[in-house]
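Bear in mind the structure is a predicted one, so any value in this text is a computation, not a measurement. Proteins get letters first, then strands, A, B, ... in listed order; numbering begins at 1 in each.
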2 protein chains.
Amino acid sequence: MKTGEISAAVIRRLPRYYRYLGELLNRGVVRISSKELSDRMGVTASQIRQDLNNFGGFGQQGYGYNVEYLYSEIGKILGLDQKNMMIIVGAGRLGQAIANYSDFEKRGFLIRALFDIDPEVVGTSVHGIPVFHMSEMEKFVKDNQIYIAAIAIPKEAAPTVANELVKMGVKAIWNFAPTDLALPREVAQENVHLTESLMRLSYKLKAKEEE
Amino acid sequence: MKTGEISAAVIRRLPRYYRYLGELLNRGVVRISSKELSDRMGVTASQIRQDLNNFGGFGQQGYGYNVEYLYSEIGKILGLDQKNMMIIVGAGRLGQAIANYSDFEKRGFLIRALFDIDPEVVGTSVHGIPVFHMSEMEKFVKDNQIYIAAIAIPKEAAPTVANELVKMGVKAIWNFAPTDLALPREVAQENVHLTESLMRLSYKLKAKEEE
DNA sequence: GTCTTTTTGTCTTGAATTTAACAAGCCATT
DNA sequence: AATGGCTTGTTAAATTCAAGACAAAAAGAC
């Protein structure tokens, strides 16, 4: 299970496999073939097999894949077999929405605190998670070994805050601000650019209309 | 400017070009070359030129691209030159967060109503946008020519609601529920799967740690 | 226990995407 | 107005990615 030179396209698909396998597991399905999975997911069986074989052989000829085992293995690949402590910077509506989304917790992502500068929200709590003032962030990050931070603040402040977070020891940034962050290469980054997503939808709408 | 057989990879990048050009425009930059843009954006100049040439020649040899013109043209390609009426189904934290995000409005996406079944929120308003009961959705969609709907409800209800929306006349679905929707091919669809995004971040974090 | 069917892992082929290269054309300067 | 320097649009090469094919291996039937 060597990582490193796995293509981005494969990584993009892995969580979806994981989700489907989780559903199968809940339904009590014990085994599944790449063919059957490919029919459900609308991809080719070949692609599934090739994607998985980037990380090792998880199946057996004549049998297919054991759902529980494969689910667990993909979970390990994605780092879901360990607890990940997180914070959310920005306790506006978006930050609060993220804090409320209990799916993350189920996958081992534990949101430990939110941070904001607005006195209206500092001192309150969301979904049982405390909202602190940003001035307390550095101490919190260091004391609690926080490696993942979600950024849900206006785009003007995002680059500065992101760099500060990295200096504090954060290793992964989940960026919701509509801007690109110039982070050191050793820091993981994943953007959620909602406006761009909506624009793509708009394009698709237009393209379908023109048919 | 023919659309139709443009690859998904190109569409994925277009909104980002649009965002950068918007920033340049705000800063008063009049012209830019593909080389300069590529340096800022971390892609190759060749890719920028080829992406744009899918839609037509917007530049001039020896000069580059006029920022305002190119910005406007990409906007047209993405369908941002017209107003798009939207609704949000689900007025929980996520639905409310989307409703509050005024960037969409700036791009011509006008959120006209939210819908929910929770009596706690029905009758209230978010960011000046009314929250109605789901039972009023059909009439509203038809009366107001709503073509785009965001779905921010639990995954169990999402597929049913999505299909109902399509029957009502909705042509594009922006899906925030962590499930895949089986929609007719003539309906545009764009998923925002936050849990999958977070898993990808987790993978990247793990991969960087292992270096 | 043997034979057939199933299904993986991998190899090969083909397609799509990205990068590189370059002629043609425009700008700017003298 | 002619020349040199840029920069595009486009063609060609290289790379990456996806699909197809198939031998090897296990399961299941008889």
Side-chain angles (χ1 to χ4, degrees), chain A residues 1-17 20-21 24 29-74 77 200 203 207, chain B residues 1-17 20-21 24 29-74 77 200 203 207:
Chain A
M1 199 180 93
K2 62 167 183 288
T3 51
E5 64 300 287
I6 309 293
S7 94
V10 174
I11 304 310
R12 223 180 296 136
R13 289 188 291 264
L14 273 188
R16 188 152 173 265
Y17 297 148
Y20 268 77
L21 288 165
L24 291 172
V29 177
V30 174
R31 60 182 261 194
I32 193 156
S33 69
S34 60
K35 177 68 171 58
E36 205 182 330
L37 195 56
S38 81
D39 288 342
R40 287 173 192 273
M41 298 190 62
V43 298
T44 65
S46 185
Q47 181 163 76
I48 292 176
R49 292 206 297 276
Q50 258 190 56
D51 283 352
L52 296 178
N53 275 99
N54 279 293
F55 303 97
F58 302 123
Q60 237 170 1
Q61 282 110 323
Y63 178 88
Y65 298 89
N66 178 284
V67 174
E68 191 175 355
Y69 174 68
L70 185 57
Y71 179 77
S72 150
E73 286 299 309
I74 297 180
I77 293 165
R200 281 190 287 271
Y203 174 85
Chain B
M1 195 179 96
K2 62 166 183 290
T3 50
E5 63 301 284
I6 311 292
S7 94
V10 174
I11 304 310
R12 223 180 297 137
R13 289 188 289 264
L14 273 188
R16 187 151 174 265
Y17 296 148
Y20 267 79
L21 289 164
L24 291 171
V29 177
V30 173
R31 61 180 264 193
I32 192 153
S33 68
S34 60
K35 176 68 171 58
E36 205 182 331
L37 195 54
S38 81
D39 288 342
R40 288 172 191 272
M41 297 190 63
V43 297
T44 64
S46 187
Q47 183 164 74
I48 292 175
R49 292 206 298 277
Q50 228 172 50
D51 281 351
L52 296 178
N53 275 99
N54 279 294
F55 303 98
F58 303 123
Q60 236 169 5
Q61 283 111 324
Y63 177 88
Y65 299 89
N66 177 285
V67 173
E68 190 175 356
Y69 174 68
L70 185 56
Y71 179 77
S72 150
E73 286 299 310
I74 296 180
I77 293 166
R200 282 189 287 270
Y203 174 86

What's the separation between atom [atom1] in [X] and atom [atom2] in [Y], rounded to the nearest 0.5 Å?
X       : Y       : atom1 : atom2 : answer
B/Ser72 : B/Phe58 : OG    : CZ    : 9.5 Å
A/Leu21 : A/Ile74 : CG    : CD1   : 5.0 Å
B/Leu37 : B/Leu70 : CG    : CG    : 8.0 Å
A/Tyr65 : A/Glu73 : OH    : CD    : 12.5 Å
A/Arg31 : A/Asn66 : CZ    : CG    : 10.0 Å
A/Gln50 : A/Leu52 : CD    : CG    : 10.5 Å

| said: For chain B and DNA chain D, what are the first and last nucleotides along the strand, 5' to 3', with at least one atom under 4.0 angstrom from a heavy atom of the protein chain? | reply: D/dC6 to D/dA12
| Which residues satisfy the side chain to side chain contact (heavy atoms under 4.5 Å, CB included) test with A/Ser7, sequence neighbours excluded? | A/Ala9, A/Val10
| said: Just to verify, what does B/Gln60 make a side chain to side chain contact (heavy atoms under 4.5 Å, CB included) with, not counting sequence neighbours? | reply: B/Tyr63
How many Å lie between [atom1] on [X] and [atom2] on [N], as a whole number?
X       : N      : atom1 : atom2 : value
B/Lys35 : C/dA21 : NZ    : C1'   : 16 Å
B/Ile11 : C/dA16 : CD1   : C1'   : 15 Å
A/Glu36 : C/dT6  : CD    : C1'   : 13 Å

| task | Please name all residues satisfying salt bridge (charged side-chain N to carboxylate O under 4.0 Å, His left out) with A/Arg200, sequence neighbours left out, ordered by chain then number. | result | B/Glu190
| Going by heavy atoms in the side chains, are A/Arg40 and A/Leu24 under 4.5 Å from each other? | yes
| message | For a quick check, with a 4.0 angstrom heavy-atom cut-off, what is the B/S/- contact string for nucleotides 25-30 of chain C, read 5' to 3'? | response | BBSS--
| task | Using heavy atoms and a sub-4.0 Å distance, could you list which residues of residues 40-52 of chain A are near DNA chain D? By number, please. | result | A/Thr44, A/Ser46, A/Gln47, A/Arg49, A/Gln50
| Considering heavy-atom distances to DNA chain C, does B/Arg12 or A/Ile32 have its closest nucleotide positioned more toward the 5' end? | A/Ile32
